[in-house]
Undergrad: 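One structure, as structure tokens, below. Some questions next.
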Amino acid sequence: MTREEEIMQGLIKKFPAMEGKIRVRRARRLTAETDQAGFEEIFAYAQKMLGFTSLCTITGLDEGQTLGLIYHITRTDGIVLNLKFSVPKDKPVIKSMIKYFPISDIYEREIADLLGVQVEGLPEGNRYPLPEDWPRDEYPLRKDWKPKSVFTSTARSNAAGEGVKDA
Amino acid sequence: MPPEKGLKMRKVVIPIGPQHPALKEPESFNVTLSGERIMAFSARLGYNHRGIEKACEERTYVQDVYLVERICGICSHTHSTSFTQAVEELAALDVPKRALYIRVIIGELERIHSHLLWLGIAGHEVGFDTLLMYSWRDREVVMDILAELTGNRVNYGINVIGGVKRDLEGHHIKDISKAVDTLEERTKYYIDIATKETTLIQRLSGVGKLPHEDALSLGATGPTARASNVARDIRQDDPYAVYSELGFRIVTDNHNDVYGRTLVRLGELMETYRLIRAAVNNLPEGPIAVKAPRKIPEGEVFSRYEAPRGENVHYIKSNGTDKPERVKVRAPTLANVQTVARMLEDEQLADLPIVIAAIDPCFSCTDRMITVKDPDDSNPRGIIKWDDIRSYSIGLYRSRGVDFSLLNKKLAEKLKC
């Protein structure tokens, strides 16, 4: 049994609900899907027991009705586990994972800014990467967001309409 | 006059940036000081956010190769390689070996120019400007080779989906070998300086401490992590291209400070020369690219690359069309910037520039081939060549009494000894 299969079997043994939801894509690449309720337990188990000691980044996806969140965690032997769950777009609330990986702070701020995910448990701090005066409810990485809509509205509010024409 | 015993210094918060003469790129730092001691440090990033991930979704894969290459002005090849190898995996393309070797050669040459650039900046930040002058002059050797191989000093445009765009000829290989020999000699000289020059050693030692445990828990990457004895390098841990065939040795150090970061980068340069020689000597014959489909089958790929500053990752999700559904990029500086607050704890304000510079933050100092219109129009194309600009520059300085050829001769003699 390869290392990747061992990890897969280890996860299925601990979390039987993962059966059929975890796949070895190729050498050193595993993908797994879970529901939001079970995510934290699997995430913590992968870090503490399976050697996934580093969080590469968090990818946010606009999937139409839901927002997908993929946590890319890695081991020192190069194996990556892409662990995914989805949240409803009308109530996109997730928990911060800073107690497991302090670095998740900046990645969570990024998905909060760009996709409008609300992250519970993030300490006070600067937003990233959008400017402080970025309009509310404008999330650039959502599929229905187009650059024009925000350029005209910020230009109007900043210049109070003086000399600014619609693009 | 020193403050009376028991008298507490009032804390002062100093904002540095986003526009500040000491910064090469917009970033904002808030430094809380008690006297000269740094009590707290916070960074505000994002001033250079250009919306490239969103822009990628609206362009084709072919266009995106050129777009992602422009994420960085220094390690541009890391992004285009990371992106193309992900798309190739999605399309299940069998990329020719020769193309992968050429990618490695360009990637390692890029590492040389990036590390030499860093060495110069580090020298400058600690007031050792001779080191800046020397290392940036030597960097021109590798910049010339990159321009010769790809047509550009940065943003090489060598990668295409399915392989590379330009082949290496016999004379290219000779020039690469010659350049690597020269640079290796120079690097040995810098290693000599870094290990014997007491002023430099004392200036860098104990500055910007990042203990091993903190490097691990804060998720540091690249030379920043390796200087805290974290033996991680994607070229060995998760080998891409042909690194598994070339053999690779991770360079680490246990100084845990700016001095260690200097030694790691210099050590990595020596390893890079070995890798380039191995790649050039084992360069297989054959085609340099395969034809790639315009539409990429549905799927998702997580691609990793060891950039000069650390791990660079691209996540790509495809939807069966000619445009990606999602492109996510995490450049190494984002992982390293959090370690700066730890490194600056209880440090002197005067150490702040070198500590920030020591993670080698990715300031976009894009350097490009210059084409200048000749006002006399003496040549038929009306363009001054690079060599002509260089000889014009040497002549100009000589007329002002500055002659670098004497310095070059002295250095060459010293290297022979």
Side-chain angles (χ1 to χ4, degrees), chain A residues 23 25-31 53-64 68 70-82 84 98 100-107 109-111 113-115 123-132 134 139-143 145-147 150, chain B residues 18 28 30 42-51 53-55 57-58 89 92 214 216-221 225 230-240 244 299-304 311-317 325-339 341-342:
Chain A
R23 279 176 61 194
R25 295 266 178 170
R26 67 156 170 90
R28 301 187 296 276
R29 292 291 182 280
L30 289 123
T31 51
T53 50
S54 171
L55 173 68
C56 253
T57 189
I58 307 170
T59 300
L61 302 166
D62 184 351
E63 300 172 321
I70 311 174
Y71 291 69
H72 308 277
I73 46 177
T74 64
R75 304 204 321 175
T76 49
D77 58 2
I79 297 178
V80 181
L81 171 63
N82 301 310
K84 184 186 166 195
I98 47 171
Y100 303 104
F101 296 101
I103 199 168
S104 73
D105 180 283
I106 194 93
Y107 305 145
R109 287 180 201 280
E110 190 178 2
I111 51 175
D113 254 19
L114 299 178
L115 278 154
E124 288 281 307
N126 294 317
R127 64 186 296 176
Y128 172 77
L130 298 175
E132 300 299 338
W134 186 263
Y139 306 115
L141 277 185
R142 289 203 180 176
K143 290 285 179 189
W145 188 89
K146 295 281 174 260
V150 81
Chain B
S28 173
N30 262 333
S42 72
R44 166 75 164 94
L45 308 171
Y47 296 96
N48 234 353
H49 187 78
R50 290 154 286 169
E53 291 182 7
K54 181 78 175 178
E57 292 174 11
E58 289 159 8
E89 193 180 325
D214 291 347
L216 283 175
S217 68
L218 293 171
T221 179
V230 178
R232 277 188 200 164
D233 193 309
I234 304 302
R235 288 174 287 176
Q236 187 175 65
D237 301 342
D238 194 356
Y240 51 92
S244 53
E300 54 178 351
V301 161
F302 190 68
S303 165
R304 305 166 86 191
E311 183 185 359
N312 178 22
V313 298
H314 282 217
Y315 165 86
I316 297 174
K317 188 176 166 71
E325 174 76 13
R326 176 85 169 92
V327 176
K328 161 81 187 163
V329 178
R330 199 230 50 201
T333 299
L334 196 59
N336 279 332
V337 82
Q338 299 212 341
T339 62
R342 171 70 189 84

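All chains are named by letter (A, B, ...) in the order of the sequence lines, taking the proteins before the strands, and each is independently numbered beginning at 1. Side chains included, hydrogens not; waters and symmetry mates left out as well; all remaining heavy atoms used.
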Undergrad: For A/Thr76 and B/Asp237, which heavy atoms make the closest approach, and how far apart are they?
TA: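 The answer is O-CG, 3.4 Å.
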
Undergrad: Is chain B contacted by the side chain of A/Asn82, its backbone, both, or neither, given a heavy-atom distance below 4.5 Å?
TA: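 The side chain, not the backbone.
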
Undergrad: Please report the closest heavy-atom contact between A/Arg28 and B/Pro239, naming both atoms and the distance.
TA: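 What the structure gives for the nearest pair is NH2-O, 3.3 Å.
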
Undergrad: Determine the interplanar angle of the B/Phe302 and A/His72 rings, folded into 0 to 90°, and report it as parallel if under 30°, tilted if 30 to 60°, perpendicular if over 60°.
TA: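 It falls in the parallel class, under 30°.
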
Undergrad: Mind listing the closest non-hydrogen atom pair of B/Leu218 and A/Pro102 along with its distance?
TA: CD2-CB, 4.3 Å

Undergrad: At a 4.5 Å cut-off on heavy atoms, which part of A/Ile98 comes close to chain B: side chain, backbone, both, or neither?
TA: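 Neither part, no heavy atoms under 4.5 Å.
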
Undergrad: Going by an N to O cut-off under 4.0 Å, is there a salt bridge joining A/Glu110 and B/Arg330?
TA: no

Undergrad: Locate the shortest heavy-atom distance separating B/Gly46 from A/Tyr128; write the atom from each residue and the value.
TA: N-CE1, 3.9 Å

Undergrad: Taking A/Arg142's backbone N and O only, do any of them form a donor-acceptor pair with B/Lys54's side chain (distance below 3.5 Å, no angle check)?
TA: yes

Undergrad: Which atoms of B/Ala231 are under 4.5 Å from chain A, going by heavy atoms: the side chain, the backbone, both sets, or neither?
TA: neither

Undergrad: Which heavy atom of A/Cys56 sits nearest to which heavy atom of B/Val313, and what is that distance?
TA: SG-CG1, 3.9 Å

Undergrad: Most heavy-atom pairs under 4.5 angstrom with chain A, which of B/Glu311, B/Glu53, B/Lys317, B/Glu57?
TA: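 Looking at each option in turn, the highest pair count goes to B/Glu57.
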
Undergrad: With chain B as the partner, which of A/Arg75, A/Arg29, A/Arg109 has the greatest number of non-hydrogen pairs under 4.5 Å?
TA: A/Arg29

Undergrad: Ignoring hydrogens, what is the shortest heavy-atom contact between B/Arg304 and A/Gly78? Give both atom names and the distance.
TA: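 So the two residues come closest at NH1-O, 3.3 Å.
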
Undergrad: With a 4.5 angstrom heavy-atom cut-off, could you sort out which part of B/Glu325 is near chain A: side chain, backbone, both or neither?
TA: both

Undergrad: In a check of side-chain contact (heavy atoms from CB on, under 4.5 Å) between B/Arg326 and each of A/Ile70, A/Asp62, A/Leu141, which one passes?
TA: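 Only match with B/Arg326 under side-chain contact (heavy atoms from CB on, under 4.5 Å): A/Leu141.
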
Undergrad: Looking at B/Arg44 and A/Glu132, is there a salt bridge between them, counting it only when a charged N and a carboxylate O are closer than 4.0 Å?
TA: yes

